[in-house]
Amino acid sequence: MDFQINEEQKMIQQAARDFAQIELFPGVIERDEQQAFPEEQVKKMGELGFLGMMVDPKYGGRGLDTLRYVLMMEELSKVDASSSVIVSVNNSLVCWGLETFGTEAQKEKYLRPLASGAKIGAFCLSEPEAGSDATSQKTTAIDKGDHYILNGTKNWITNGNSASVYLVIAQTHPEKGYKGINALIVEKGMPGFEIGPKENKLGIRGSDTHSLIFNDVKIPKENRIGEDGFGFKFAMKTLTGGRIGIAAQALGIAAGAYEMAKEYAQQRKAFGTEIANHQAIRFKLVDMHTQIEAARLLVYKAAKDKDEGKNYVASSAMAKLFASQVAMDTTIEAVQIFGGNGFVKEYHVERLMRDAKITQIYEGTSEIQKMVISREILRK
Ligand SMILES: Cc1cc2nc3c(=O)[nH]c(=O)nc-3n(C[C@H](O)[C@H](O)[C@H](O)COP(=O)(O)OP(=O)(O)OC[C@H]3O[C@@H](n4cnc5c(N)ncnc54)[C@H](O)[C@@H]3O)c2cc1C
């Protein structure tokens, strides 16, 4: 069992760290305040290959494994979780889903521009009445022979407006329940496809979250992913890997807040000494450090399980469940260590605290992760 990352993995980590400091850090507070999408930064991340990290080079990706992907995700998330969720959705949900289950023609047409960052993707499962219970899809894709007619509304879609390619889950055969669901590739600009207003969010405010409305949108049959009725399985399999990306995001948010709090505690003085010399603060830092290290091991383990072809359903859910709790706990403590400064925007930790919360909600809430894990452990 080797707990160390090697030199080449460290280089990827360092490249992501440098990028985060040089390109993401400047302006991160303003983007958060103004809910501004990091357009320039996303373009640069595409050029660096961050948007198609795991995609085979024959489709223009970097061809790296999940472990290297999470190393990158952690570093970006230490600084800007709004940018890292854009990266995570594009990599883990959209590119992975298309590469694993798409046809050759779909890969050429859609995966290639997504892997290079020329286009951004979105994954559209949630609806006003179908969140945790994703089987209750109300969006319909009616089979018309050589095409589908898509009607319905999707909620909370990350990259909702910035994307050009949308993987949309919809019900084709309601009588078959979740086995009648399909996944369709929808392009921005298709007649009848409208994008709702941007959500005004607590955290990850730089990412653009929108509802999507489909009114009689005609989707060619060749845009269906997998066999007829594969859509729900597609969504679940894709989300299983996606959770590793979000777990890495949570880990990064926690580690970013911890690093800032540790530095601050060694500078800020109270009662004639640096606050890091007070045991109450030292012990907070110890707890943060220990929790983060435990989360990191779970995240790396889930990534390794996926890379080694093992069953990673439980390990990815455990990594997300635990790392997202650590992100919440650590960022709250970081704000406490910063005192009054923790409560204002210029010290960053209040933003990380707000950003942390979403990691317990999207790609399956913590309660849903427990349902997933319980099914896995009780089956054995
Ligand atoms: C910023 C943001 C970005 C998002 N991005 C995307 C995206 O790109 N694509 C996408 O498809 N979706 C996206 N989502 C949606 C997200 O995945 C859902 O919000 C999430 O799955 C929860 O669904 P819900 O909001 O409908 O909550 P509900 O399902 O209504 O749940 C409400 C509460 O009840 C709990 N609960 C529900 N069922 C059970 C149960 N059986 N046992 C115990 N507790 C239960 C939940 O854990 C939660 O605490 C995003 C959401 C947000 C806020």
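We count ligands from 1, going down the list as the structure has it; atoms in each ligand are counted the same way.
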*Asks:* Look at atom 9 (N) of ligand 1 and say which protein heavy atom is nearest, naming residue and atom and giving the distance to 0.1 Å.
*Replies:* Phe123 O, 2.8 Å

*Asks:* So, Phe193 versus Tyr166, ring centres under 6.0 angstrom or not?
*Replies:*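 Between Tyr166 and Phe193, which both carry aromatic rings, the centre distance is below 6.0 Å.
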
*Asks:* Taking the side chain from Gln249 and the backbone from Ala81, do they hold a donor-acceptor pair closer than 3.5 Å?
*Replies:* yes

*Asks:* Test the Lys44-Phe19 pair against the cation-pi criterion, namely NZ or CZ under 6.0 angstrom from the six-membered ring centroid and within 45° of the ring axis.
*Replies:*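 No, Lys44 does not lie over the aromatic ring of Phe19.
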
*Asks:* Below 3.5 angstrom, do we get any N/O pair linking Ile358 and ligand 1?
*Replies:*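 The answer is no, given that Ile358 and ligand 1 share no N or O pair closer than 3.5 Å.
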
*Asks:* Return the closest protein heavy atom for atom 39 (C) of ligand 1 as residue, atom name and distance.
*Replies:*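 Of the protein heavy atoms, Ile368 CD1, 4.3 Å lies nearest.
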
*Asks:* Take the angle between the ring planes of Tyr347 and Tyr264 and call it parallel below 30°, perpendicular above 60°, tilted in between.
*Replies:* perpendicular

*Asks:* State, to 0.1 Å, how close Phe232 and Ile181 come at their nearest heavy-atom pair, and which atoms those are.
*Replies:* N-CG2, 3.7 Å

*Asks:* Is it true that Asn151 and Asp216 share a donor-acceptor pair across their side chains at a distance under 3.5 Å?
*Replies:*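 Side-chain D/A pair, Asp216 to Asn151: present.
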
*Asks:* Between Glu108 and Pro113, what is the shortest heavy-atom contact and its length?
*Replies:* O-CD, 4.1 Å

*Asks:* Please list the nearest protein heavy atom to atom 10 (C) of ligand 1 with its residue and the distance rounded to 0.1 Å.
*Replies:*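 Atom 10 (C) of ligand 1 sits closest to the protein heavy atom Ser126 OG, 3.4 Å.
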
*Asks:* Considering only heavy atoms, which of Ala134, Gly131, Ala122 lies nearest to atom 23 (O) of ligand 1?
*Replies:*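 It is Gly131 whose heavy atom sits nearest to atom 23 (O) of ligand 1.
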
*Asks:* So if I count the atoms of ligand 1 from 1 in the order they appear, which ones are less than 4.0 Å from some heavy atom of Glu363?
*Replies:* 17 (O)

*Asks:* Counting non-hydrogen protein atoms only, what is the nearest one to atom 49 (O) of ligand 1? Give residue, atom name and distance.
*Replies:* Glu367 OE1, 3.6 Å

*Asks:* Examine the proximity of ligand 1 to Met371 and report which part, side chain or backbone, both or neither, has a heavy atom under 4.0 Å away.
*Replies:* side chain

*Asks:* Starting from atom 4 (C) of ligand 1, what is the nearest protein heavy atom, named by residue and atom, and what distance separates them?
*Replies:* Trp156 O, 2.9 Å

*Asks:* What protein heavy atom lies closest to atom 31 (O) of ligand 1? Include the residue and the distance to one decimal.
*Replies:*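 Looking at atom 31 (O) of ligand 1, the protein heavy atom closest to it is Ser132 OG, 3.6 Å.
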
*Asks:* Mark up the atoms of ligand 1 that fall under 4.0 Å of a heavy atom belonging to Thr365, in ascending order.
*Replies:*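 Under 4.0 Å from Thr365, ligand 1 has these atoms: 22 (C), 46 (C), 47 (O).
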
*Asks:* Do other residues, nucleotides or ligands put more than 12 heavy atoms under 6.0 Å from the NZ atom of Lys218?
*Replies:* no

*Asks:* I'd like to know if Lys304 pairs up with Asp65 as an ion pair, taking the criterion as any Lys NZ or Arg NE/NH1/NH2 lying under 4.0 Å from an Asp or Glu carboxylate oxygen.
*Replies:* no

*Asks:* Within the structure, does at least one protein heavy atom fall under 4.0 Å of atom 46 (C) of ligand 1?
*Replies:* yes

*Asks:* Does the side chain of Ser136 come under 3.5 Å of the side chain of Asp133 through a donor N or O and an acceptor N or O?
*Replies:* yes

*Asks:* Heavy-atom distance from atom 33 (C) of ligand 1 to the protein below 4.0 Å?
*Replies:* no

*Asks:* Assess Val89 for proximity to ligand 1: is some non-hydrogen atom of it under 4.0 Å away?
*Replies:* no

*Asks:* For ligand 1, which atoms sit closer than 4.0 Å to a heavy atom of Lys201?
*Replies:* 1 (C)

*Asks:* Heavy-atom contacts with Thr158 under 4.0 Å: which atoms of ligand 1 show up? List them by number with element.
*Replies:*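 Within the 4.0 Å cut-off of Thr158, ligand 1 contributes 3 (C), 4 (C), 5 (N), 6 (C), 7 (C), 8 (O).
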
*Asks:* Is the shortest side-chain N to carboxylate O distance from Glu127 to Lys138 below 4.0 Å?
*Replies:*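 Answer for the salt bridge query: no.
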
*Asks:* To which protein heavy atom is atom 20 (C) of ligand 1 closest, and what is the distance rounded to 0.1 Å?
*Replies:* Ile361 O, 3.6 Å

